[in-house]
Q: 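Here it is, the structure in full.
Protein chains get the first letters and strands the later ones, always in sequence-line order, with residue 1 at the start of each. Only this structure's heavy atoms are used, side chains among them; waters, hydrogens and symmetry mates stay out.
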Amino acid sequence: MRTLISPDGTVTDRLPLTLDQMKDLYADMVEARAYDRKSIAMQKQGRLATYASFEGQEAAQIGAAAALERDDWVAGTYRDAALMWRAGYPWSNLVAGRTGDERGGQPPEGVNVLPPSITVGGHMVHAVGLAWAEMLSESGRVALTSFGDGATSEGDFHEAMNFAAVYQTPTVFLCQNNGFAISYPRAEQTRSETIAGKAAAYGMPGVDVDGNDVAAVFLTVSEAVERARSGGGPTLIEAVTYRIGPHTTADDPGRYRTEDTTEEWRRRDPLIRIRRLFEEAGEWSDGWGEELETRSAERIEAAVAEAESLPQPTRSEMFHRMYAEITAPLLEQLGESDG
Amino acid sequence: MRTLISPDGTVTDRLPLTLDQMKDLYADMVEARAYDRKSIAMQKQGRLATYASFEGQEAAQIGAAAALERDDWVAGTYRDAALMWRAGYPWSNLVAGRTGDERGGQPPEGVNVLPPSITVGGHMVHAVGLAWAEMLSESGRVALTSFGDGATSEGDFHEAMNFAAVYQTPTVFLCQNNGFAISYPRAEQTRSETIAGKAAAYGMPGVDVDGNDVAAVFLTVSEAVERARSGGGPTLIEAVTYRIGPHTTADDPGRYRTEDTTEEWRRRDPLIRIRRLFEEAGEWSDGWGEELETRSAERIEAAVAEAESLPQPTRSEMFHRMYAEITAPLLEQLGESDG
Amino acid sequence: MAEMNLAQAVNDGLDAALGADDRVVLLGEDIGRTGGVFRITDGLLEKYGPRRVYDTPVAESGIVGAAFGMAIAGMRPVVEMQFMGFSYPAYDQVINHVARIRNRSNGRFTAPMVIRIPFGGGIGAAEHHSESLEAIYAHIPGIKVVVPSTPYDAKGLLLAAIEDPDPVVFLEPIRSYRAVKEEVPGIYYTVDIGPVRVERAGTDLTLISWGAMMKETRSTAGALEAEGISVEVIDLHTLSPLDSNGILRSVNKTGRAVVIHEAPRTGGFGGEIAAVIQERALYSLQAPVLRVTGPDTIFPLKRSESHYLPSVEQITAAARKTLES
Amino acid sequence: MAEMNLAQAVNDGLDAALGADDRVVLLGEDIGRTGGVFRITDGLLEKYGPRRVYDTPVAESGIVGAAFGMAIAGMRPVVEMQFMGFSYPAYDQVINHVARIRNRSNGRFTAPMVIRIPFGGGIGAAEHHSESLEAIYAHIPGIKVVVPSTPYDAKGLLLAAIEDPDPVVFLEPIRSYRAVKEEVPGIYYTVDIGPVRVERAGTDLTLISWGAMMKETRSTAGALEAEGISVEVIDLHTLSPLDSNGILRSVNKTGRAVVIHEAPRTGGFGGEIAAVIQERALYSLQAPVLRVTGPDTIFPLKRSESHYLPSVEQITAAARKTLES
Ligand SMILES: Cc1ncc(C[n+]2csc(CCOP(=O)(O)OP(=O)(O)O)c2C)c(N)n1
Ligand SMILES: Cc1ncc(C[n+]2csc(CCOP(=O)(O)OP(=O)(O)O)c2C)c(N)n1
Ligand SMILES: [Mg+2]
Ligand SMILES: [Mg+2]
């Protein structure tokens with residue numbers, strides 16, 4: 001398993017990024033965590049529907065997104081807010097989605113990030129089709145799909161992996177192995193030692209990487225993206241990480257795991273190790289740290305304000321959203337005044 | 001890939017069977033081929049619906065079934081008539097099924113062979129459940145599921161393999177890789193070099209074997225059955241063989257393969273190599289050969305006669321077959337005289 | 001007798017089944033350690049152990065397909081789909097295998113199993129968590145489809161479903177899980193699958209519904225009664241096999257009917273009921289059978305939920321329209 | 001204009017689409033080298049090459065899911081499911097993804113794609129090869145469901161489906177593939193999705209059907225006409241969105257209707273049609289809307305097929321019953 005920066009911040013191998021680039025990634029992780037914290041708080045206040053925290057997975061998501069071009073495709077899940085945002089999907093859309101507003105699923109034109117997949121498994125093969133289309137149009141675009149360890153148990157994982165390999169589509173499969181499918185631990189999900197190892201069944205390269213090491217994730221995904229862009233076909237990447245929070249705000253991890261393991265993983269926090277690295281290199285200042293915090297808080301607050309300022313969606317919108325042109329039955333049903 | 005008897009009949013390794021046992025297997029293969037030939041003829045005469053020939057796959061099917069106990073479970077496909085028969089499913093049931101009679105799907109009590117699966121992929125996991133139940137009741141029974149190379153592309157293959165490995169059910173996965181999914185060649189179905197290799201993705205042992213070598217198949221399946229019975233869990237076996245005939249009587253192989261390859265495989269015919277072995281060993285007599293032919297023909301004719309003597313199924317049976325106790329709507333609908 | 005809500009009643013029914021019959025096993029995602037996302041299987045792993053209650057990988061087709069094999073081999077598996085929106089990957093197993101093995105084998109092999117599926121909206125859940133596509137199950141020959149709306153029924157119908165020699169899809173109305181409590185016998189009992197449940201007798205109008213919409217249906221009936229309108233309320237509680245006679249008995253008496261469901265209108269099961277009524281009771285109909293349903297849209301996210309779910313007002317309006325004809 | 005049967009017309013339509021629009025690609029099992037099990041794509045791989053026509057692994061969910069991704073990225077994929085009985089593994093992709101992306105993204109992403117599904121019985125095929133479960137597709141919000149019954153319609157509706165900005169499930173009646181030939185324009189043309197097709201005008205009775213059962217429906221109409229009964233025949237040819245007004249226009253005129261389909265009765269789409277008619281035209285109904293359908297059984301194997309499929313006799317009997325009321 002590839003690591004470039006160990007939990008204590010020591011660099012164990014050549015870094016693919018300049019210090020400035022590292023600072024940007026760190027700043028992004030700080031901003032992502034601010035969003036995560038804010039969302040949890042808002043959910044408690046009843047301002048959001050259930051929320052799936054990604055705390056602990058910031059490096060996997062920010063590092064992966066940083067390896068993409070602005071117009072590459074991304075198909076992720078309910079837990080990939082950081083990844084989606086770094087790929088261009090506005091925080092305000094993400095917040096709106098969680099307030100229960102379909103308009104959240106509508107990122108700006110030019111942002112090729114699909115709204116989060118709520119079903120487990122089905123969306124991976126979409127990234128095969130997206131990449132397939134780009135391959136045919138020779139646009140050079142690739143498609144990255146992100147999913148969890150649990151998703152690899154679905155038949156759709158198998159079909160997606162196989163199609164990508166058979167047609168050699170420029171698809172990057174990013175599995176964030178965060179240890180659990182809700183309460184079901186990775187060790188019980190499959191007897192395969194690693195998830196990366198499953199790639200061999202499809203004649204596809206598979207690599208595992210320390211998912212809490214933003215530099216290692218960036219490098220690994222960059223290599224896969226490069227392979228895809230240059231016609232080398234798909235890659236499966238297993239980013240080994242851990243879900244620090246509950247599955248969602250509706251979940252109680254106490255029922256299936258011990259605080260000790262979680263504590264252990266807290267010590268491998270993806271932000272802390274980068275901060276230590278900066279400290280070692282004498283590149284850290286508390287002032288800068290606070291600056292990032294305030295800037296992030298401001299941006300998230302602005303996004304929340306924007307999302308919450310969206311007018312109450314109307315009944316009519318619900319009908320008109322269904323087809324390019326509203327159908328006769330929908331028009332009739334819309335017409336039926338209450339009752 | 002394991003071979004014990006090469007196409008020219010020379011024994012390359014210790015045989016797991018006595019000469020008498022080999023003769024029984026040979027006799028079974030002859031009888032199976034007689035059934036296959038008869039079925040093709042009957043289909044031409046319009047006495048059967050489309051028929052899927054297994055010519056060339058007799059060794060894989062007879063060798064596998066011979067490794068099972070009488071009360072083990074079998075879940076196979078439309079192409080597994082020889083396997084099912086050798087496992088206890090009467091020829092007459094198989095013929096009846098092909099004439100388009102649901103009664104063909106009803107083997108005698110005590111025969112734990114499911115009617116053939118017509119859908120590709122769905123039935124493999126049934127053998128996981130069957131084996132799971134036997135494991136819980138500690139009956140010592142195992143379940144074998146047979147499927148083709150094409151079926152390994154279905155998501156259900158993935159879920160079946162994973163469940164069997166996760167719960168360590170006594171299941172034997174027998175893939176008859178006959179080179180094609182209808183017209184789609186094995187090489188294009190997946191970039192994995194072998195199908196046996198896919199087992200690793202589930203932490204399951206996977207082995208490939210010369211599917212036209214009845215002794216090698218028998219030995220390989222016996223080992224897997226033994227492992228399963230003794231609590232060692234599931235095994236994936238890839239029996240490499242070839243479909244000599246068309247996919248079904250409705251198919252035209254000329255559209256997707258050359259006669260040459262088929263000719264090559266004819267030379268590896270599973271019956272011929274055993275006959276050669278007997279000849280080498282001075283154990284062959286044309287008299288015995290003819291005896292087998294006539295005996296087989298008689299048995300198949302008898303089975304056909306039995307199947308064709310089944311009275312025309314009634315409309316009432318179609319309704320009463322649906323539930324243990326016919327439901328009110330079905331009773332009403334049955335009552336509706338025409339119209 | 002204890003007071004239970006519907007969720008507790010299902011849990012109690014599963015407990016009773018596990019206790020009474022060794023062949024019963026439970027399979028599902030997160031049903032063990034956590035007791036399931038709705039806590040319906042809470043405590044059952046602890047009580048019956050890991051050979052009776054199984055946490056499974058996230059693989060719905062595998063869950064149903066494996067349970068199907070177990071059922072053929074003589075067990076009585078009860079599987080949980082986490083939400084109806086996640087049951088579709090198993091649809092092929094249900095329609096092509098579970099529903100067909102008795103027919104395919106002319107009775108030689110059968111699949112006595114239960115597929116529990118929480119369904120319906122109204123809790124402001126995420127996408128796919130509010131589905132009400134009972135119609136796609138009710139149209140499958142070879143299975144039965146049951147939908148309790150009360151705690152008493154939930155336990156009794158569940159035990160009947162587990163005893164049933166044929167496969168049963170058991171739909172659990174999410175919105176009703178913790179809505180109301182009622183007395184539920186602690187003992188093992190069953191409620192017949194099939195016959196409609198006439199919840200309230202009346203003579204002027206028949207309201208027909210199932211699952212969570214029974215709540216709004218009851219409120220409507222109550223309000224109308226207060227105005228002196230005598231309303232008969234039918235809880236269908238079995239969609240398949242459909243008890244046409246039970247429905248007709250009521251409509252022949254009242255001459256007026258409104259069917260209420262939250263599934264989309266077109267192709268919803270309400271159409272079947274209206275069709276049956278006009279087919280066999282046209283001449284006793286005083287007014288068209290009206291349907292109050294969800295629109296032909298996707299069930300919306302939280303902020304639009306109220307735009308989707310049929311309301312007491314809509315049901316009342318339809319009832320009045322029917323009464324005025 | 002050339003004489004074509006329905007199979008040839010679909011092939012001609014696919015040819016026209018591939019020729020007219022580079023974004024059109026075909027995906028399916030055995031559709032390349034062999035031209036598909038029904039030879040519907042015959043010659044298209046040769047003519048348009050391997051970048052337009054793809055043989056795929058046996059993986060229906062993968063086929064539909066990959067095509068869905070292609071559609072989002074701007075292509076116009078047309079996929080073939082080998083038989084309806086094998087389309088169920090893809091049902092989750094259709095209902096949870098294909099049908100929902102426009103709604104989920106508030107119009108930002110769409111899935112203009114066509115899923116071709118041969119369906120229906122009558123050719124003595126093996127198990128699962130005779131399915132007619134159009135109702136489970138017609139109930140899905142977000143897609144359209146089209147069913148041609150004639151060669152002319154097949155080509156025109158297919159091209160309309162491929163042009164449609166929303167996903168279309170295109171059902172092809174197997175029994176009709178080679179049943180009859182008719183003049184089909186060689187040029188590119190479309191037939192509107194939606195409006196019913198009044199195949200024959202009449203005043204005494206309306207017969208409503210779709211797909212392969214149109215054959216028996218036509219024969220019945222012909223026979224009744226011979227007796228001086230004026231029959232209006234409606235080929236629904238679009239199940240979703242349903243053209244209620246087209247149906248009501250006819251029934252308001254005739255006052256009598258029989259719906260014919262081969263799918264099982266309960267939960268079949270005929271229920272929806274009968275429900276709509278009685279809802280909105282009760283007072284012009286002279287008789288109940290009757291349904292002549294397959295029974296609530298699994299479509300049987302060859303020897304019992306005649307026990308299942310609705311016959312001209314059954315349709316005639318229902319028509320008479322309706323006329324006598
Ligand atoms: C098809 C389907 N089945 C079940 C669910 C319910 N569910 C939501 S998340 C989840 C666990 C997924 O685990 P994993 O893939 O590891 O992702 P993580 O939540 O850990 O990021 C399950 C079972 C679902 N959303 N979709
Ligand atoms: C789910 C499903 N999809 C498609 C089909 C149509 N079909 C029947 S056999 C077949 C090819 C199967 O190939 P393989 O698994 O290699 O078995 P073989 O026929 O070669 O023995 C296909 C695609 C089917 N029966 N079921
Ligand atoms: Mg996980
Ligand atoms: Mg094959």
Q: For the interface with chain A, which of B:A199, B:S192, B:A160, B:G121 has the highest count of heavy-atom pairs at distances below 4.5 Å?
A: B:S192
Q: Under 4.5 Å from any heavy atom of chain B, what part of A:E154 do you find: side chain, backbone, both or neither?
A: both
Q: Determine, for B:F180 and B:R257, whether the Lys NZ or Arg CZ falls below 6.0 Å from the six-membered ring centre while staying within 45 degrees of the axis.
A: yes
Q: With a 4.5 angstrom heavy-atom cut-off, is it the side chain or the backbone of A:F163 that approaches chain B, or both, or neither?
A: neither
Q: Could B:R229 and B:E134 be called an ion pair, given the rule that one side-chain N must be under 4.0 Å from one carboxylate O?
A: no
Q: Do you see a donor-acceptor pair shorter than 3.5 Å between the side chains of B:S153 and B:Y184?
A: no
Q: Counting a contact as any heavy-atom pair under 4.5 Å apart, which residues of residues 201-218 of chain B contact chain A?
A: B:A201, B:Y202, B:G203
Q: How close do A:H158 and B:T152 get, counting heavy atoms only, and between which atoms?
A: NE2-O, 2.7 Å
Q: Might you work through the salt bridge (Lys or Arg N to Asp or Glu O under 4.0 Å) test for B:R141 and B:D71, ending with a clear yes or no?
A: CA-CA 7 Å; B:R141 289 196 198 100; B:D71 60 355; 3.2 Å; yes
Q: Parallel, tilted or perpendicular: which fits the ring planes of B:Y242 and B:W265, with parallel below 30° and perpendicular above 60°?
A: parallel
Q: So among A:R243, A:R186, A:Q57, which one has a side chain to side chain donor-acceptor pair (under 3.5 Å) with A:N178?
A: A:Q57
